[in-house]
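See below for the structure under consideration.
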Amino acid sequence: QVQLVESGGGLVQAGGSLRLSCAASGLTFSTYTMGWFRQGSGKEREFVTAISWSGDNTYYADSVKLRFTISRDNAKNTVYLQMNSLKPDDTAVYYCAASHLHRILLTEQSYPYWGQGIQVTVSA
């Protein structure tokens, strides 16, 4: 049974930083593409970033480029999202997702496995 568990969310002031973690189990983590998505209140879920199984390739939404960094530790079965220079618009529930497809994936439908989500709130 695949499980993805996010942690590290919370409340931060604008300009601050947070690091989200997503611990995976029940899958061969090192062979999975991992992604982060987010959903703000009243908004559709949107792609944030993704990382290839090896960690060699990453992709970011324009809205977070140069502020967010995705990374992974295959020895710990964990993917991370370092979020810097946070803005109130970054307030959302953040989800990690996993796909066995070996390429960077930008759509929700490409990821069969999802975490439960974690709240990130950025105050002005």
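The two residues Leu18 and Gly8 make their nearest non-hydrogen contact at CD2-O, 3.8 Å. What you find for Ser71 and Ile51 is that their closest heavy atoms are CA-CD1, 3.7 Å. Ala92 and Gly40 make their closest contact through CB-N, 3.7 Å (heavy atoms, listed as atom of the first residue, atom of the second, distance). Annotation for Ser52 and Asp56: closest pair OG-N, 3.3 Å, computed over non-hydrogen atoms. Minimum heavy-atom separation, Val120 to Met83: CG2-CE, 3.9 Å.
Partners of Tyr32 by ring-ring contact (aromatic ring centres under 6.0 Å, His included), not counting sequence neighbours: none found. For the salt bridge (charged side-chain N to carboxylate O under 4.0 Å, His left out) test, residues two or more places apart in sequence or in another chain that qualify with Lys65 are Asp62. With sequence neighbours excluded, the residues that form a side-chain hydrogen bond (donor to acceptor under 3.5 Å, both in side chains) with Asn74 are Arg72. Shown here are the side-chain hydrogen bond (donor to acceptor under 3.5 Å, both in side chains) partners of Gln39, two or more places apart in sequence or in another chain: there are none.
Taking CD1 of Ile70 as the reference point, atom CH2 of Trp36 lies at 8.0 Å (rounded to 0.5 Å). One distance of note links CD1 of Ile118 with OG of Ser7; it measures 6.0 Å at 0.5 Å rounding. Separating the OG atom in Ser63 from the CG atom in Asp89 is a distance of 9.0 Å, to the nearest 0.5 Å. From Leu86, atom CG reaches atom OG1 of Thr91 across 8.5 Å, with rounding to the nearest 0.5 Å.
Side-chain contact check for Tyr80 versus Leu20: every heavy-atom pair is 4.5 Å or farther apart.
If you chain together hydrophobic residues whose side chains sit under 4.5 Å apart, Val122 and Tyr60 fall into the same group. Both Leu81 and Phe29 are part of a single hydrophobic cluster, where members link through side-chain heavy atoms under 4.5 Å apart. In the hydrophobic clustering of ILVMFWY residues, with side-chain heavy atoms under 4.5 Å counting as a link, Val79 and Tyr59 come out apart. Under a hydrophobic-cluster definition in which Ile, Leu, Val, Met, Phe, Trp and Tyr are linked whenever side-chain heavy atoms come within less than 4.5 Å, directly or via other members, Met34 and Val2 are assigned to the same cluster. Linking Ile, Leu, Val, Met, Phe, Trp and Tyr residues whenever their side-chain heavy atoms come within less than 4.5 Å leaves Phe68 and Phe37 in two separate clusters.
Thr78 and Asp73 share no donor-acceptor pair across their side chains, judged by distance under 3.5 Å alone.
Between the side chain of Thr33 and the backbone N or O of Ile104, no donor-acceptor pair lies under 3.5 Å. When atom types are taken as modelled, the side chain of Ser85 and the backbone of Arg67 share no donor-acceptor pair closer than 3.5 angstrom.
The side chain to side chain donor-acceptor pair (under 3.5 Å) contacts involving residues 112-124 comprise Glu6-Gln116, Gln119-Thr121, where partners must be two or more places apart or lie in separate chains.
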Ignoring hydrogens and angles, write down the donor-acceptor pairs under 3.5 Å from the side chains of residues 94-102, residues two or more places apart or on other chains.
residue : atom : partner : partner atom : Å
Tyr94   : OH   : Arg38   : NH1          : 2.9
Tyr94   : OH   : Asp90   : O            : 2.6
Ser99   : OG   : Leu101  : N            : 3.1
Ser99   : OG   : Ser110  : O            : 3.0
His102  : NE2  : Thr31   : O            : 2.8

